[in-house]
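This structure is a prediction, so every number in the text was calculated from the model and none was measured. Throughout, protein chains are lettered first and strands after them, A, B, ... in sequence-line order, and every chain is numbered starting at 1.
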Number of protein chains: 2
Amino acid sequence: MKKKKVTIKDVAKLSGTSPMTVSRVINNHPNVSEETKKRVLNAIEKLGYRPDADARAIRTGKTNRIGIIVSDIRNPFYSEMVGHIEDVANEKKMFITFSDTSRDVDTEKRVFEEMIHMGVDALIIAPEGFEIEHLSRYADRTFILSFGVHLPDLPIAEVWIDEEAGARQAGEYLKSRGVKKVELLMGNPRKFTTLARISGFMKGFGRIERLRHFRVEYGETYRYVKEVEELPEAFFCYNDLMAAGVIKALKEKGITPGKDVLVMGYDDAYIADILELTTVKIPIRKMVEIAFEMIEKNKKEKIRVEPQLMVRKTA
Amino acid sequence: MKKKKVTIKDVAKLSGTSPMTVSRVINNHPNVSEETKKRVLNAIEKLGYRPDADARAIRTGKTNRIGIIVSDIRNPFYSEMVGHIEDVANEKKMFITFSDTSRDVDTEKRVFEEMIHMGVDALIIAPEGFEIEHLSRYADRTFILSFGVHLPDLPIAEVWIDEEAGARQAGEYLKSRGVKKVELLMGNPRKFTTLARISGFMKGFGRIERLRHFRVEYGETYRYVKEVEELPEAFFCYNDLMAAGVIKALKEKGITPGKDVLVMGYDDAYIADILELTTVKIPIRKMVEIAFEMIEKNKKEKIRVEPQLMVRKTA
DNA sequence: AAATGATTTGTTATCGTTAACAATGATACC
DNA sequence: GGTATCATTGTTAACGATAACAAATCATTT
């Protein structure tokens, strides 16, 4: 049924050389005569040979694979992130081994361990609930990079988002618009990110009227706002998806976002553009570039990036 | 710097057995005495041993990897698809090797070949521009499954979407609403999918007023509708993203989608819900389940699924 | 022409695991 | 007791590639 594999030996035989010579050809080693090189390449072409990545990995220790772990690929922030990483990986002809944990901490833990053990040249994680000790146990096995979250005590690379600064801008902006009563619609209160956004916002805005935590899903805030009786002057949401839920609920109540009630999101996913949502932009593309730079140079630094206010129509 | 790898030999030494016995333990072979099993497991625990996936792959031919190739992970249809596949893969403890071709045909060709050669147990593709011969050359090397697109002449597995039937429903619906003049805002005219949706729609609706092709991006239709002078009574869009662009443009023109002009999308991505978009739902979750069923049973069939009309507010 | 050095090629061993077979020890049966 | 039977364990070789070394070839110098 399945065609048998063409190996380096087949190529060697057909081209009348040794496996080693073939290996040298496919790896562009300098000391191969033009003539044999040609013969080998012919044979490769004729047989449709391609080196076996796994065999290489086992011998050289280099896998040419980058692992990515995110908590929910359906969230535009993460699709955006993965999309950009893919762009770069394609350029460099690397493969991506991808995992989505569905925000489940146990799954997260498991796939993290498995990725380390299956062998990746670098592992990019957008940590949701990683426990510190757990992570640090493996920090010396692979190049691990935290994408977004700042974990000061861990000896791993980071491109971290200064969430405090970002949320603070949002707070200051809403304050400057004369808002007095805000309600925050946040995510998981045990996540660093959530905490940072809350505290940042408060630094910029001052006292908060109300604070609620939801699962980071569009339907959650929709249902809440739909049912709530007393509306604030403004909502600041954990991300754009949740803001989308708010907007929809408001509209159904006959309330115009941006006029009667202000709504702000976070991330600047593409729905923000579609909905004219005022939000805080995270520079994903730039972050990915920095990440690859660090991976390539094996620099285990912690680089900070700052989000930026995007004023549109809803606030 | 990097910690050296713990291998099966280390475990054997520590537990006073042979590598083969250890192998048997980790693979749950029956004939291992309880006693040695315990000793081995202890040693594994103590050393933090995990089998090397690459070594296994090379020896057994099974990689435990599933390859996915999509054209744009930022498109909600594909994030949804990948998300569901991940859910199942997680259950089965398989890894996913993922590739995004950015709709580039050459990249698509390249990663396809590379995936085949790097070794995956199955390869799920959502083909954009695959050329037939190219695909069939590899059809006997790996289990290849086309997700969505119907390629009748190719000897590969499929869970294909009956786009004609889906688009036809849309056409019939719009006709039943008394619409006379429609405009179709479609994608790449060389894609099977595009063609099927056009012809299906015409079967349901009849004569079409106008037909345009765009890159499958939100901004494209937005700019177009923004500038166009004469509006039809209804738009039927290639997907929800493009419909989102239309809606935004209409609103900016002071036109209410669903009242003055009807707008329909396709896919039923989550923005459809957010925007109250009338659309055609593709049953992704179900498709993924069928796909895995086929992969597991090694059944090279072509299963058809039918989309379903979702009436909301914009049409 | 012999010696030297540089270039090109081949050999052997190994990466971590498992398949196939061999060996050991225990148990059962006549 | 001796042999057949079974469960358990170990040995060897191999998967496909490459690193490290050795050998062969060629060109260059004296």
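Between B/I58 and A/N27, the residue whose closest nucleotide on DNA chain D is further toward the 5' end is B/I58.
Residues A/T107 and B/N90 bring no donor and acceptor atom of their side chains to less than 3.5 Å of each other.
B/K62 places its NZ atom 13 Å from the P atom of C/dT18, with the value rounded to the nearest Å. Rounded to whole Å, the distance from NE2 on A/H117 to C1' on C/dC15 is 18 Å. Separating the NE2 atom of B/H29 from the C1' atom of C/dT18 is a distance of 8 Å, rounded to the nearest angstrom. The CG-C1' distance, from A/D10 to D/dA17, rounds to 13 Å in whole Å. Here D/dT18 presents its C1' atom at 10 Å from CZ of A/R24, a figure rounded to the nearest Å. Between A/K5 atom NZ and D/dA14 atom P there is a gap of 18 Å when expressed in whole angstrom units. Nucleotide D/dC15 holds its P atom 21 Å from the CE atom of B/M118, rounded to whole Å. Taking atom CD1 on A/I8 and atom C1' on D/dA14, their separation rounds to 16 Å, with Å as the unit.
In terms of heavy atoms, A/D121 sits closest to A/G61 at OD1-O, 4.2 Å. Minimum interatomic distance between A/S102 and B/D87 (heavy atoms only, all atoms of both residues): OG-OD1, 3.3 Å. Across all non-hydrogen atoms, the minimal contact from B/I68 to B/M81 is CG2-CE, 4.1 Å.
Set against D/dG16, C/dT18, D/dA7, the side chain of B/N31 has D/dA7 as its closest nucleotide. Here the nucleotide nearest the side chain of A/T7, chosen from C/dG16, D/dA17, D/dT18, is D/dA17. When each of C/dT18, C/dG10, D/dC15 is scored by its nearest atom to the side-chain atoms of A/M20, the top-ranked nucleotide is C/dG10.
A donor and an acceptor atom sit less than 3.5 Å apart, one in the side chain of B/R59 and one in the base of C/dT18.
No salt bridge links B/K109 with B/E113; every basic N to acidic carboxylate O contact stays at or beyond 4.0 Å. Salt bridge status for B/D104 with B/R110: absent, with no side-chain N to carboxylate O gap under 4.0 Å.
In this structure, CE in B/M115 is found 13.0 Å from NE2 in B/H117, a value given to the nearest 0.5 Å.
The side chain of B/T21 contributes no N or O atom lying less than 4.0 Å from OP1 or OP2 of D/dT8.
Side chain of A/S15 to main chain of A/V11: a donor-acceptor pair is present (N/O by atom type, distance under 3.5 Å, no hydrogens or angles). Judged by distance alone, with hydrogens and angles left aside, the side-chain atoms of B/E158 form no donor-acceptor pair with the main-chain N or O of B/L145 at under 3.5 Å.
Near DNA chain D, meaning a heavy atom under 4.0 Å from it, residues 36-56 of chain A has A/Y49, A/R50, A/P51, A/D52, A/A55, A/R56 in order of number.
Taking five base pairs at each end of the helix from C/dA1-D/dT30 to C/dC30-D/dG1, the local helix axes there meet at an angle of 60°, rounded to 10°.
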